[in-house]
Trainee: 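Take a look at the following structure, please.
Source: prediction; values computed, not measured. Here is the naming used below: chain letters follow the sequence lines, and residue numbers restart at 1 for every chain.
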Amino acid sequence: MRPYVIGGACDRVRQQVENAMVEGVLTLPAPLLAHVERCPHCSREVREVETLLKRLRSLPASLDLGPVPPVVDRVLQAVAQGGQAVASAPAASATPTHSAGSLSSAGTPVRRQRPPQWRWIVGQVAAVAAALAVAAGGLTLLGLRIHRAVVGISPGEGLNQWFEPLREWTQALFRNVW
Amino acid sequence: MLARREAERREAFVALFSQMAPRLYRTAVGILGNPHDAADALQETGLKAFRYFDSLASPEAGPAWLNRILINTCYDVGRRRARTVPTGLEVVVSPDGYTAPETDWALLEALQQLSPEQRTTVVLRFFQDLTIAQIAQVMSVPEGTVKSRLHASMAKLRAALAPAAEEGVQ
């Protein structure tokens, strides 16, 4: 366990190291540098972070750009051939992801144009109207069947014939409640 | 008239993409961990970007816009690869040696242990040298999120690389 007190040199080094892990840059003032040279705990921690930052910064430069020109050429070739090549390219998906929108000069994201909302509303209204039409048609057919069934019988008897079982069931259901 | 406008559009795109390609490629290598997938992602990004180039509000926003498309494409490529290769992410060392011999493969492999968001944050910070505010803009997250991701990523990288570094010292 590292032996340091809050506000002491080790603690201040630790804070600088924490900052470096967020900012990506490690800066130590001269007094702390002197401390780091003496303190084995701090020197190890600082060395670790410094090495990591150095490795991270030098990594991109170490990546050779060999395969880039062919890829760039392919893209530029497709661009030169116009929209057809781009549209037919298998790699290009039909729609970009949501975040592929543009950014304004102020840096605020500008949403891509969506299809007009009225189309969606018209679609919904049409769907509801169709559902209502189907329901109305079904009820009409049912009514006609009922009518056919009760033809010749007085309406009261006919209705009683249909609703008697329902009435009994309802009364049985609420008998204990009342 | 239309033809001239189209030609100008192509010209602007070619200038932007050619200028950004090396940085985008490095970023893709950092996120995906190998040059092959990075090249695929770069190509896909270029084609997508040209297709939707009209939606770019202003030329100044071009680099951030391209970065954002690249990052999303890298996530897509990563997901596709995860589906086809059940063993997960791996750093593929090129057999034909088009990567520099001093490439830090251990670090590149350690980067693959981070979550995609953490990896992207680290790559944008160190590969493209973007500020925290710029990273927040590209990734559409608050600056605090960028900072916490950076901190968590660095802690993970330290933990992953510390044993190797100790061996090196000894």
Trainee: What are the two closest heavy atoms between B:Phe127 and A:Leu56, and how far apart are they?
Mentor: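 Answer, listing the atom of B:Phe127 first, then A:Leu56: CE1-O, 4.2 Å.
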Trainee: Which answer fits B:Leu107, side chain, backbone, both or neither, if we ask what part of it has an atom under 4.5 Å from a heavy atom of chain A?
Mentor: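 Both parts, heavy atoms under 4.5 Å.
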Trainee: When rounded to the nearest 0.5 angstrom, what is the spacing between CE in B:Met154 and CD in A:Glu23?
Mentor: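 Going from CE on B:Met154 over to CD on A:Glu23, the span is 11.0 Å.
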Trainee: Between B:Ala155 and chain A, which part of the residue has a heavy atom less than 4.5 Å away: side chain, backbone, both or neither?
Mentor: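 Both the backbone and the side chain of B:Ala155 come within 4.5 Å of chain A.
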Trainee: How about A:Leu59 and B:Leu111: do any of their side-chain heavy atoms sit closer than 4.5 Å?
Mentor: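 A:Leu59 vs B:Leu111: side chains touch.
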Trainee: Checking B:Phe17 against chain A: side chain, backbone, both or neither under 4.5 Å from a heavy atom?
Mentor: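 Side chain only.
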Trainee: Are A:Val46 and A:Leu33 joined in one hydrophobic group, where the rule is that I, L, V, M, F, W and Y side chains link up if heavy atoms are under 4.5 Å apart?
Mentor: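 Yes.
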Trainee: Taking the side chain as everything from C-beta on, heavy atoms only, tell me whether A:Arg55 gets closer than 4.5 Å to B:Leu157.
Mentor: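 Answer no - side chains too far apart.
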Trainee: Work out which heavy atom in A:Val22 is nearest to a heavy atom in B:Leu150; give both atom names and the distance.
Mentor: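 So the minimum-distance heavy-atom pair works out to O-CD1, 2.9 Å.
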Trainee: Using heavy-atom distances under 4.5 Å, tell me whether B:Val122 contacts chain A through its side chain, its backbone, both, or neither.
Mentor: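 Answer is side chain: those atoms of B:Val122 sit under 4.5 Å from chain A.
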Trainee: Report whether A:Val49 and A:Val25 are members of the same hydrophobic cluster (ILVMFWY, side-chain heavy atoms less than 4.5 Å apart, transitive linking).
Mentor: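 No.
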Trainee: For B:Glu11, does the CD atom sit with more than 12 other heavy atoms under 6.0 Å from it, leaving out its own atoms?
Mentor: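 Open: at most 12 neighbouring heavy atoms sit under 6.0 Å from CD of B:Glu11.
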Trainee: Examine whether an atom of B:Val29 lies under 4.5 Å from a heavy atom of chain A, and if so say whether it belongs to the side chain, the backbone or both; otherwise answer neither.
Mentor: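 The side chain, not the backbone.
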Trainee: Under 4.5 Å from any heavy atom of chain A, what part of B:Leu24 do you find: side chain, backbone, both or neither?
Mentor: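 Looking at B:Leu24, nothing touches chain A.
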